[in-house]
Amino acid sequence: MEQPSSSSKVTVEYFDPHGVYQLLSPGLLPRLPLHNLHWESHAGPLRSIDSLHIDLVPGTQPGQALRPVSSAGAATSSNLTLSKVKSEDSTASGGDGFHTQTLGQVSGEKPESRTDAPAKPAVRERRHQIPGLRQTPYLKIFFLRCDDNETYKAQARREVREWIKEHTPPTQSSTKQNTQENHDAYEWMIIHVVVPNTAAATQPRSSGKINEGSSGNAAEKTAARWRGGGSSTILEKLRADFNGSSRSATDRVSQIRIGINDVPYDMLPRVVPAIPGSYTETPQENENAWIDFIAKLKFLILASFDLRVGQYEEDIREKDTQRSLPGWNFCTFFVLKEGLARGFESVGLVEDALVGYDELAVGLDAIVREQTTAESGPQPGGSFLPYTQDLMEQAKKTKTAILSDIGEDDADIDAEEPIDLQSNNQDHTSQDIDEIPVDATKKHYRELILSNNISIFDFRCYIFARQLSLLLRLANAWSSQEELLAKLKEQRESSLQGVAARFPKVRQSAEENLVVLAEICSRALDFVASIARILRDDIWSSQLEKGGAKEKGEESDSVTHDPIMGKVVDNMASSFTFAVAQQILAQTATKVLPIPPSTLAPPGSNIGLDGQEPKASIPEPKTMMHPARTTSLAVRSTSRESSAAGGRSSSVPETSTISSFNKPGLEKLAGHRAELYLLSRNVMEQIGKERGWGTGWEEVSDLKERESDMEEVDLTVSNGKIATKSPSPRTIFTLEGIKNKLLRTALDNEEDFLRLFETLTDKALRHYTVAGYRQSVLSNMADLAILKYHQKDFAAAASYFVRMTPSYGEGGWSQVEISMLILYAKSLKELQRKEEYVRVVLKLLSKAARNEKERQLRKSAIKMCKPSCFEGEEMISVVSYLDELLHVTKELEHEITIPLRSFFGRLEVDGTAQYDSQQDSFSLQLHLRYLLSDDLTIDEARMRINASFGDTNREIWLKSSGPTTFKKGRASMMVKTDVIVPGIYTVGHVSLHVHNLTLDYEHGTTNLGVAHGDNFFKSPKILLYHRAEAFDLKLHASRYMHLDRNRSLELEISTGWNDVKNGELHIRAATAGMRIQTSEASVVAGSLEISRKLEAGVIRFGPLATKSSAKISMPFNLEHDSTSVSLKIEISYTTEKGTFFYATLPTMSILLPLGVNVQDVFKHNALFSKFTISSATSSPLRLLSSRLEGSEVFDSACGVNFTQPVVIFPRQPASMLYKITKKSDNALLPSLKISKPPKSSMSLVLHYVCLEEEIDLAISTSLNSSFQGTPLQPYSRLLIPTVVSELQSHLTPFDLEKIAVLSEVSTSYLANIKWKDRFLGLGRMPEDNSDVATIIAEGLQAWQHRTPPIPLTPISMSEESIAACRSIVIPVDVPRVTVVHTADLKFAKTSPVFSDTAVSASNQPIPVTLHIKWTRKWDIKNEQNTNRPADLEFFYEVSGPTDTWLIGGKRKGHFKIPNATPTTTSTQDQNLSFPVVLIPLREGHLPFPNVDIKPAPTARIARSSVVSEEDLQPKQTVACETDYRNAGETIRVISNAWKTTVSLDASGPQGGAMLLESEGRSASGEVLG
Amino acid sequence: MSYYLAIIGTQDNPLFECEFGTAKQGGDGVARFPEQARHMNQFIVHSSLDIVEEVQWGGGQMYLKCIDSYYNNYVSCFMTGGNIKFLLLHVPSQPSSSTATRASTSIAANPTSPQTEEAIKQFFTEVYENWVKTIMNPFYSVNMEVKSPVFRARVMGAGKKYL
């Protein structure tokens, strides 16, 4: 009963004539409520009732109450016993003297139950057709105290029997007419309470059990038998007497023994009639007895409940079938059905009860609808009152109040006050009831229904109230209605005492069903919507009725149009709606709902008027101002609010909120509650609007209206405007009719109105946050923000705007966003927060610009499609923000960067670079489409172009010359730079600068995604080039190359039209491993001053006149071999027109185009060198001259010089032969004296021309001459390299050979090249706007047609041309040979015959002498080496093919060459001779045998003991050359036959030819002549 | 009666917006929204998105009828299978407080009558057809704004036809 969550109770009446309830209750009450009842319904599944509370009501003493029905029913069953009962009354009530003390106590104990009792029978008085209305007991219990068998026999049995007679349920009789009684069906039950120390207590429960029990109890058994006079105990007797005879009869008797300790001492019977302790009950048995009792209780309650339900259902069915019959009364049906529902409710089957009510609500709707459609005639389903009396009276009262107000012309609050107060004071309870408009107990609805005397309004209210209470029960809400009221009272008291917010104690409600709570809220929303209309209709019809009473007909129309009445109706409806919403909110409040802390009063906001937080101060002013009207609701809202806010009252336990965050239905509940808040807010707002209190939204539109008129935004003006505007709608406004205190208070003055508005919105917002309604949160936030703005609380407004505007913006809700941004900006401006102001205004402007752009786009699209469907969409004007913005940004310290596209619709870069004449600079044109209506003046524009390939880091910045002003629409401007680096560029960055504001656009890889489908930026590729007259820089490999020295490169600087004052070159190697020695740079040609600095890679140079050029040469070296090197050269030069900059990345080939091989032939006195000069590439060369320059040691000589250039083809090298002789020793001697060794190496100097260079030259000159004077001339610096490289890539080695042979270049290779593609990005001609690339392509085509072959320039052999062409110096070293032998085979006898060849007979030995001559002349290095090895040992070998020569004599032999000191070498005999015999084996011209001379390796071994290590060294490197004189010579070997005789006689035995005689020439081996 | 149609994508972002007025009963087809408070249309429609979320699973219908009202503005909704919401904000030409409008059954005057609902349903169905055709454009990706003037013209046509 203590639990507030369950209000379902079952009344159980008990009759306690002996006053034992007192004894029993300590044992009974803890076992209540009943748990786990299972009811098998007739239809539907098994229902379980978790817990059922039992309202134990003491029954009226039999005979006291007048019970006509019951007695009528009872009369049929047994008339006889009735009299007995009545006669026994006195004894029962009076009690016997034995127990007086007990009884006296009991009766004194329960005064309130006694006083309660008469109230119930008052309802029970009449038995009408409203059975459901009564709380009749489901069960009647008779507590019997019977201490021993005698008493039982004598008194108790009679007593019980009488009671039973009286209370036999009518169900026992099955007569038809008594079925009605089943509405009140009940069961009965007898409890035998056994008091300790009595005889009964000594009795066991059943005698049979004792008999079979332990023998120790025999005495007791006998005693019992002895005492009871029978075998049975009192319990058994009771059972036997009252349980009925049939087997199936239910057991209605139960026994409970009271323990001796449970009975107060003074209540214990002093007389102990039995042997004490003869029988004691074990606790287990005691427990079993209780269980038995409870089970019986349950069973019997359910049984009677079942009967009742069956009865009701039958009745309802019956009534339902009669529905179509005329005269069927809905009210009757309603009462019947409600009875069933109540029955369900009382046993805790709330869902079933709810279903019943829902069906009834639908039924009511149907009836009402039928009634409205069937205009005239009898109303189906019974009639309802056309209006509600209360409402009519209220309306009337209100109206008179208003009328009196209007009579005074001025709405004086004091005048209406007393009336209002009076109405409140009429009855005190109505004050609370006003706050709870929907309450089933507010009126005696049921009586009204029964008497068919209820209006639809009341009817609906009642049904909803019932539904509400059921739902609340179902939801296990903490607030049942009674409790709510109690709480209200309590809190009001506490608040009156000045306690701020005493929160009620934490309730024990276990689990609140949030889904059901949400259901309540949503139902309430529906209800409010419909009931407000019914309320209006109700009042209007009451007015009509009144009017109709006076004069019928047309008067009714005037009544409907009565403005005052309209006001009254509006007010009442609003008040009612508001109150219902508040009530539901209060009832569905749950701690489980985790509402985030209030967003009100953001940091930095103004402190409230009374120095408190605005939220906290909401109720207080009211209490201060209207102490008389301190309403409970206002205070209640405080306490709830503070708990909901959480932040303020830390005392409130918040633990449960987190744990149960994700309860089912939580979001739903929050959402519905938020809607309720909004509903009440809207009601309030509407009334407030009548009074002219805006919440800001009107002002928003107002603001913008004035803006579009281009007025200065001044908030003071707007204040005045509103101030003057607000009183205007003050025609009739009154608070009369608004009964809800909170609403009334809020509407009393504007401040409270706004405060309540804010509170409600904030609550809605927080609930929506929990519910996860993003959009609603936003819109509520917008409400709050605008309210704050309206209240001039700009800081708070800004804090809302900052949270809200991005969310709208992200979704694309541009119009809302812009409106918000405008307000935001204004708030920030008020707050002087510049940074944020700038940010917001920028956002605003960019949004406006975007809208403008979209509008333009759409316009153009629509124009294309159909001009008729153009819609005049109004754009939000943001004029005058820009100037302000610029003004503010000027004061900021740091720069602000925003995207360019936020203000500009389109950015276009003109592809034609415009070059300035007479100076190396160019400019580009930018086209922009400006979107804002304000003019924008920029200080500077900058643009960056990036090289699109090659040197990717290269970027050029272009700047505008001065400020530019943009007006709305297209605008263009020029940006210029002095830097020209040829190449293809794309625009990478554009920025506009105004004060601290930078608008930039970055076109890079990052926004590729955006660029898709985006046409903001358009820029062609830009091809920058150098005009022919511009400053130029060329890189060549040095024409003069010395293989021994570092190679060098040449930079050719040509000024063009620039009169250079000074300049600076920055040179860096772009090839890995290349080092340039800029410090050794020297001017090769031209007049130029170079000031060398220590900085590596930097060369500064002095003035250089117009159209002059200079060459700077500088050496370089390479770490790795590579065919080409490239340099990064940047040059900046100053002229009178400024400083210009030029950068280039030239590449040059350092590949040697020719290769030289040398072959040396040593002779005794001279060395012959053959140089083979070949082309290293596939391209032919022209060799112009060749010269071998002698050195200090050697002289060289050559036969002839060329008169014609020699063409060297790759497969046809040229050979040059030089004779090198050693200069005479005399000439050498002086130099020997000087310690420095003479330079022995010679150098080969070649002058040559590469064919490619010739081709380049030919083409360049041809192109130059053909472009001379045409518009293409400025482009020649761009064209020629392109054409040349194109041609070179097309030339095959074969083509080159052909060109070399023919001396002309065919241009047919260039015919099919698409030149246009190579020159894209040049833009258009300034004159006729034609594409430059096309013109170039055409010009090149024409040139190609004109000159199919181009002759190569003939090369003259003059000195100058030779000097001008490329030269290479190759150092030539004479190889060092230690010894040069000259071997000669000489015949011993000189042939008498002088002939070229010696003749010898075959097989004849020829004596020969081998002469070896040696010289160490060529041992150049060792000549001065004095300690060279003393002797050199060689061996020779004469060898010949074995089938040709037979060599005899000293074929092999060693010889020594002595150490020739310089003094002796010349004088010593250098000849050695060895005799050898040769025998030719064949005839014919035989080559001489070979003579090999080699240094002897064996010599070393022989002298190894003596010779030191040093001596060994040169031994191994001994190089010798042999000049074999006889090489290539032959000796003619003829047959040795001098005379031969041959017989040719055919006769004889052999026949045939026969050698007869032969004679040799001579036996001696002489060589024949 | 003035209408404001917004097609809302899955991210609650507007994909298409247009305004038109009634063409029935002598209407000239021009929206009569208060010029200064144009943003209110978006504001209201945006706020009602929560309601759409709530009611969208209620029935299996695509046409959700009138889901929300804000003072005198009514919002009807149509959901496509792809969670695209068509929200039609309709504002009766004059406040329906006077007795004259109560009797009138015209679409323009009575925003919640069955006739209006039916008309809006037909309108939505036609817009839906066109919408499907529009987004079948292979270059269309979900939640992209629809800028096709043809679609706009067709929506206007549907509005003229039914509303």
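Order of the sequence lines fixes the chain letters, A, B, ..., with proteins taken first and strands second; residue numbering starts at 1 for each chain.
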Practice problem: Just give me the residue among B/I51, B/L49, B/D50, B/N13 that pairs up with chain A most often, heavy atom to heavy atom, under 4.5 Å. | Solution: B/D50
Exercise. Identify the residue among B/Y63, B/W131, B/Y162 that makes a ring pair (Phe, Tyr, Trp, His ring centres under 6.0 Å) with B/F124.
Key: B/Y63
Practice problem: Return each pair, listed once, that meets salt bridge (charged side-chain N to carboxylate O under 4.0 Å, His left out) where at least one residue sits in residues 62-90 of chain B; pairs must be two or more places apart or across chains. | Solution: B/D12-B/K85, B/K65-B/E117
Exercise. Please determine, by modelled atom types, if B/T10 and B/N143 share a side-chain donor-acceptor pair under 3.5 angstrom.
Key: yes
Self-check item: Top contributor to chain A contacts, counting heavy-atom pairs under 4.5 Å, from B/S148, B/S48, B/P14
Solution: B/P14
Exercise. Tell me, for B/I44 versus chain A, whether the close heavy atoms (under 4.5 Å) come from the side chain, the backbone, both or neither.
Key: neither
Quiz prompt | By salt bridge (Lys or Arg N to Asp or Glu O under 4.0 Å) - contacts of A/E519 (at least two apart) | solution = A/R523
